[in-house]
Amino acid sequence: MKKVLTIAGSDPTGGAGIQADIKTMSAHGVYAMSVIVSVVAENTMRVISIEDISLKVIRDQIDAVYEDIGTDAVKIGMLSNSEIMVAVAQKLREYSPLNIVLDPVMYAKGGNALMAENSIETLIKELLPLCDLITPNIPEAEKITNMKIHSIEDMKRASEKILNYGCKSVLLKGGHYIGEAIDILYDGKDFVTYETKRIKTKNTHGTGCTLSSSIASNLALGFSLKEAISLSKEYITKAIEKDINIGKGHGPVNHFYNFFKEEKIYENIK
Ligand SMILES: Nc1ncnc2c1ncn2[C@@H]1O[C@H](COP(=O)(O)OP(=O)(O)OP(=O)(O)O)[C@@H](O)[C@H]1O
Ligand SMILES: Cc1ncc(CO)c(N)n1
C-alpha cells in the first residue's frame, strides 16, 4: 500500500486542512498519515483562533513517521510562521522524501490569515527548493512573486518567476480567476493548461487542500506529474460538483461519492 503524509493545520469541522487531506487520500486508496502543525478553531464561516504546536512536537511527529513507516509522497499545507517552516524544511532535508507537494496556504476562504505575512521570504528560501510541485492560488502567487495577476499571460509569467526560486514545477490554480476554472502547470519546459467549467457554488472550502492531497496521492500511486494533475483536476471538479451542502458558510466538498467506479484507471489499487 502506498503511504502519503500531510504536514498541515487541522480544521475541526472537517472541510479543510489535515481532515480534508486524510479524506482525499483515503478516497484515493493510499494510507494517510498526518503531522499537525497548528490547531485551527475554524468552520465554514470563520476562523476563531489558532494554536501552533511546539517545534519539538512537530519535529517529533515527523521523526515518528520516518522511524517507523516512511512515505511515498508528502503534502505540505498550512505552516503558520517562519520557525515552523525552518523546522519542517530541516526534517525534509534529513529524510529526503520523494514527491513533495507544497500548497502555500496563506488565507482561509473568509480572509483570515493562516500564515504570518513576514514568513514569505522563509517559505521561498527554505521550502521552495525542496518541492517537486507548488500549488499556489492567484493571491498566493501574487504574494510570492510580488506581481499582480490579471490574465493567463500573467499566470504564466508568475509561474516562471516561482520556478526560478528552485521548485521543480508550479501549478498555478485559477479558482480565484474570473471565467472558467483554469489551472496552469509549468515544469520549466512546457505550460500545460487544465480547464474545467466553473461550477456555481459557495461550497469551495478546502478545494486547494483537496487538490494538493489528490496530486500527492496520485504521485505516490506512480502516475507522472501531468497524469496526476489531470486525474486530480477531475477529482476536485467532481468533489465540487456533487454538492453536499454542509455548514452555513463556504461548505466542504464531497469525498464520499464513489469516483472509483467511474474511473477505470483506479481498478488496480493495491
Ligand atoms: N467554482 C469552481 N468550479 C470548478 N472548479 C473550481 C471552482 N473553484 C475552484 N476550482 C478548482 O479547485 C481547485 C482549487 O483551486 P482554488 O484556487 O479554489 O484553491 P484554493 O484557493 O487554494 O483553495 P482553499 O484555500 O479554499 O483550500 C483548482 O483546480 C480550481 O480550478
Ligand atoms: C487548517 C487549514 N488549512 C488550509 C485551509 C485553506 O483552505 C484552511 N481553511 N484551514
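Positions are given from 1, in the same order as the sequence printed here.
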Strictly below 4.0 Å, N to O, side chains only: are [X] and [Y] in salt-bridge contact?
| X | Y | value |
| --- | --- | --- |
| Lys109 | Glu42 | no |
| Glu160 | Arg157 | yes |
| Glu140 | Lys143 | no |

Does [X] reach the main-chain N or O of [Y] with its side chain, forming a donor-acceptor pair under 3.5 Å?
| X | Y | answer |
| --- | --- | --- |
| Asn43 | Met45 | yes |
| Ser212 | Cys209 | yes |
| Asn137 | Lys173 | no |
| Asp154 | Ile149 | no |
| His250 | Lys202 | yes |
| Lys23 | Gly14 | yes |

We want to know whether Ser82 and Thr122 form a side-chain donor-acceptor pair, criterion being a heavy-atom distance below 3.5 angstrom. yes
Short side-chain donor-acceptor distance under 3.5 Å, Asn99 and Asp72: no
Quick one: are [X] and [Y] in side-chain contact, heavy atoms under 4.5 Å?
| X | Y | value |
| --- | --- | --- |
| Asn218 | Tyr235 | no |
| Lys161 | Ile144 | no |
| Val35 | Leu5 | yes |
| Val170 | Pro136 | yes |
| Leu55 | Ile84 | yes |

A quick test of your reading: do over 12 heavy atoms of other residues, nucleotides or ligands sit less than 6.0 Å from CD of Glu117? no
Are Met33 and Ile62 linked, directly or through intermediate hydrophobic residues, by side-chain heavy-atom contacts shorter than 4.5 Å (ILVMFWY only)? yes
Is the cationic atom of Lys233 (NZ for Lys, CZ for Arg) positioned less than 6.0 Å from the six-membered ring centroid of Tyr194 and within 45 degrees of its normal? no
Taking only residues at least two apart or on different chains, which pairs with a member in residues 4-22 satisfy salt bridge (Lys or Arg N to Asp or Glu O under 4.0 Å)? Asp21-Lys75
Clusters formed by hydrophobic residues whose side-chain heavy atoms approach within less than 4.5 Å: which one holds Met78, and what are its other members? Val40, Val47, Ile50, Val105, Leu114
